[in-house]
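Report on the structure given below.
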Amino acid sequence: MEQFNLCIIKPNKDAFSETFIQEHINRLPGNKFVLYGGAFPVYNKEGKFLIKSKFGLLSYLIQKKIFKKKDIKIRTNALVNYFNEKEIDIVFAEYGMVGAMVTKACRIANVPLIIHFHGADAHHKDTVAQYISLYKKAFAYASWIIAVSDDMVQALIKLGAPADKIVKASCGVDTANFPKLDISHSGRNFLSVGRFVEKKSPTSVVKAFKLVADKFADAKLWMVGNGPLFDETKALITKLHLEHSIVLTGTQDTEQIKKLIKQSRCFVQHSVTAGNGDKEGTPVTILEAGSSGLVIVSTLHAGIKEAVVNGETGFLVEEHDIEGMADYMIKIADDVKLASELGEKEAVYIRENYEMDNRIVTLTALIKKAINKN
């Protein structure tokens, strides 16, 4: 196939937790055009509005901010004009909400659409309720719908997505960027990376680690990230007198996280289904830690069940089983040889099943099929 024009649409200009989107932008083939601006793109890569006239912008803002409209003709037309002007051959929408919102413009411009779901967009109850009517139209129009776990495939089918359009392709990891480490001489160092939100249950990690620290005075936990539960987590650490054993680093970039991985033995994450239905997709941080050869202790949740082979490449417990998680963490703290063996197996498993290059091959094939079908 000759070179094609690929438009990748994402909600945020930049987000620390969305490295997987940047990987798509960097690695997918074609002449790439990137748009962003929330559920509906209003900016190009240079940050310039797609709506060109001042009057048009004013009209758009009134309809969006005051009348809370979702279907705004001037905004849709601006996107259609952009597709035509740039001769876009295909749109790749990151997140279901984005795919749902741009379906109409894609249909008008006769541009095929691939929608990549990631997590909350398929599971968060309020989000699904807000977008379900648009999801139905998007499912009917889209060439392919990408899910990142078996749980998500089932969730999308329940929402009405045709099974024959759904392709399971979880996020991948650049294993060369996260080479396998030798953890056979590591200290009792644990690492947790993720936003401080309900579905990642950071307080559960702290409670489990308390039981580890009671047994091993030299055990340490680094918690990377920020979010609405940060203060609550910090207060719990103080209450449990763990200020000298747990380090809250705040948000860190990839290079800083890699340094923390190098000093760690075990990666811990207590993902749960939030009260609002929100769930993980397949957490990239688990793939990165697994690629690096850390042993993983986590939960039987969403894509984690597929990224870690319970009892063979790491340990998984039921959601909210804090004592069970602590037992496995204690086992890892007590036996560096076991940790090393499990980490070694996980590193191999990740390379066989989650290599980013293979994910890009899969996505590229879907893009080319969609263009050819059109």
Side-chain angles (χ1 to χ4, degrees), residues 173 175-194 200-202 204-225 242 244-247 249 252 256-271 282-301 303-319 321-354:
V173 60
T175 59
N177 199 26
F178 289 88
K180 192 183 79 62
L181 306 167
D182 177 7
I183 63 166
S184 62
H185 302 290
S186 57
R188 295 184 173 103
N189 295 338
F190 295 81
L191 176 63
S192 179
V193 180
K200 294 189 188 284
S201 195
S204 296
V205 174
V206 171
K207 288 172 188 172
F209 181 76
K210 166 70 173 151
L211 300 175
V212 180
D214 286 347
K215 203 167 175 70
F216 299 101
D218 62 338
K220 288 262 190 303
L221 167 65
W222 279 259
M223 297 184 78
V224 178
L242 291 169
H244 300 297
S245 304
I246 298 180
V247 180
T249 69
Q252 303 275 282
Q256 290 167 316
I257 290 169
K258 282 166 72 175
K259 281 179 188 168
L260 291 171
I261 287 174
K262 279 181 184 170
Q263 68 179 33
S264 302
R265 179 183 299 183
C266 178
F267 186 90
V268 287
Q269 183 162 321
H270 199 98
S271 295
T282 297
V284 174
T285 49
I286 281 185
L287 305 182
E288 291 170 348
S291 175
S292 304
L294 300 195
V295 59
I296 291 163
V297 178
S298 189
T299 50
L300 290 156
H301 174 88
I304 300 169
K305 301 194 292 272
E306 298 158 53
V308 179
V309 184
N310 192 18
E312 289 182 36
T313 72
F315 295 118
L316 303 176
V317 300
E318 295 292 342
E319 294 179 21
D321 182 3
I322 290 163
E323 285 187 11
M325 178 171 239
D327 287 345
Y328 283 128
M329 290 168 73
I330 287 166
K331 204 170 188 172
I332 296 304
D334 195 37
D335 190 344
V336 74
K337 185 170 177 286
L338 172 66
S340 194
E341 286 168 1
L342 290 168
E344 186 104 17
K345 287 176 184 172
E346 176 69 4
V348 171
Y349 181 75
I350 291 293
R351 278 159 180 76
E352 287 174 351
N353 296 281
Y354 291 90

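Computed from heavy atoms alone, side chains included, the values below leave out hydrogens, waters and symmetry copies. Residue indices begin at 1 and follow the sequence shown.
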Residue pair [X] / [Y]: nearest heavy atoms and the distance that separates them:
{"X": "L316", "Y": "T299", "result": "CD2-O, 3.8 Å"}
{"X": "I350", "Y": "A307", "result": "CD1-O, 4.0 Å"}
{"X": "V295", "Y": "G314", "result": "CG2-CA, 4.3 Å"}
{"X": "V317", "Y": "H270", "result": "CG2-CE1, 4.3 Å"}
{"X": "S264", "Y": "S186", "result": "O-CB, 4.1 Å"}

Rounded at 0.5 Å granularity, tell me how far [atom1] in [X] sits from [atom2] in [Y].
{"X": "T313", "Y": "K345", "atom1": "OG1", "atom2": "NZ", "result": "9.0 Å"}
{"X": "I246", "Y": "F190", "atom1": "CD1", "atom2": "CZ", "result": "11.0 Å"}
{"X": "F267", "Y": "I261", "atom1": "CZ", "atom2": "CD1", "result": "7.5 Å"}
{"X": "I296", "Y": "L342", "atom1": "CD1", "atom2": "CG", "result": "10.0 Å"}
{"X": "C266", "Y": "L221", "atom1": "SG", "atom2": "CG", "result": "9.5 Å"}
{"X": "L242", "Y": "K220", "atom1": "CG", "atom2": "NZ", "result": "10.5 Å"}

Qualifying residues under salt bridge (charged side-chain N to carboxylate O under 4.0 Å, His left out), relative to D218, sequence neighbours excluded: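 If we apply the salt bridge (charged side-chain N to carboxylate O under 4.0 Å, His left out) test to D218, skipping adjacent residues, the hits are R188.
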
Taking [X] for its side chain and [Y] for its backbone only, find out whether a donor-acceptor pair lies under 3.5 Å.
{"X": "S192", "Y": "M223", "result": "no"}
{"X": "S204", "Y": "I322", "result": "no"}
{"X": "R265", "Y": "I183", "result": "no"}

Show me the pairs that pass side-chain hydrogen bond (donor to acceptor under 3.5 Å, both in side chains) and involve residues 282-298, at least two apart or across chains.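 Every side-chain hydrogen bond (donor to acceptor under 3.5 Å, both in side chains) pair that includes a residue of residues 282-298, provided the two are not neighbours, is Q269-T285, S291-R351.
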
Side chain to side chain donor-acceptor pair (under 3.5 Å) against N177, all qualifying residues, sequence neighbours excluded: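 With sequence neighbours excluded, N177 shows a side chain to side chain donor-acceptor pair (under 3.5 Å) to K258, given in chain and number order.
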
Under the ring-ring contact (aromatic ring centres under 6.0 Å, His included) test, which residues partner F178, sequence neighbours left out?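 Applying ring-ring contact (aromatic ring centres under 6.0 Å, His included) to F178 gives none.
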
Less than 4.5 Å apart, any side-chain heavy atom of [X] and any of [Y]?
{"X": "E312", "Y": "Y349", "value": "no"}
{"X": "V193", "Y": "L260", "value": "no"}
{"X": "L181", "Y": "K262", "value": "yes"}

Member of M325, E319, E323 meeting the side-chain contact (heavy atoms from CB on, under 4.5 Å) criterion with D321: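 Only one option passes, and that is E323.
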
For atom CD of Q256, decide whether the heavy atoms of other residues, nucleotides or ligands shown that lie under 6.0 angstrom number more than 12.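 Yes - once you tally the heavy atoms of other residues, nucleotides and ligands closer than 6.0 Å, there are more than 12.
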
Return a table of donor-acceptor pairs under 3.5 angstrom between the side chains of residues 205-216 and protein atoms on other chains or two or more places apart.
{"residue": "K210", "atom": "NZ", "partner": "D214", "partner atom": "OD1", "Å": "3.1"}

Applying salt bridge (Lys or Arg N to Asp or Glu O under 4.0 Å) as the test, list every pair that has at least one member in residues 330-341; sequence neighbours left out.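 For residues 330-341: K337-E341.
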
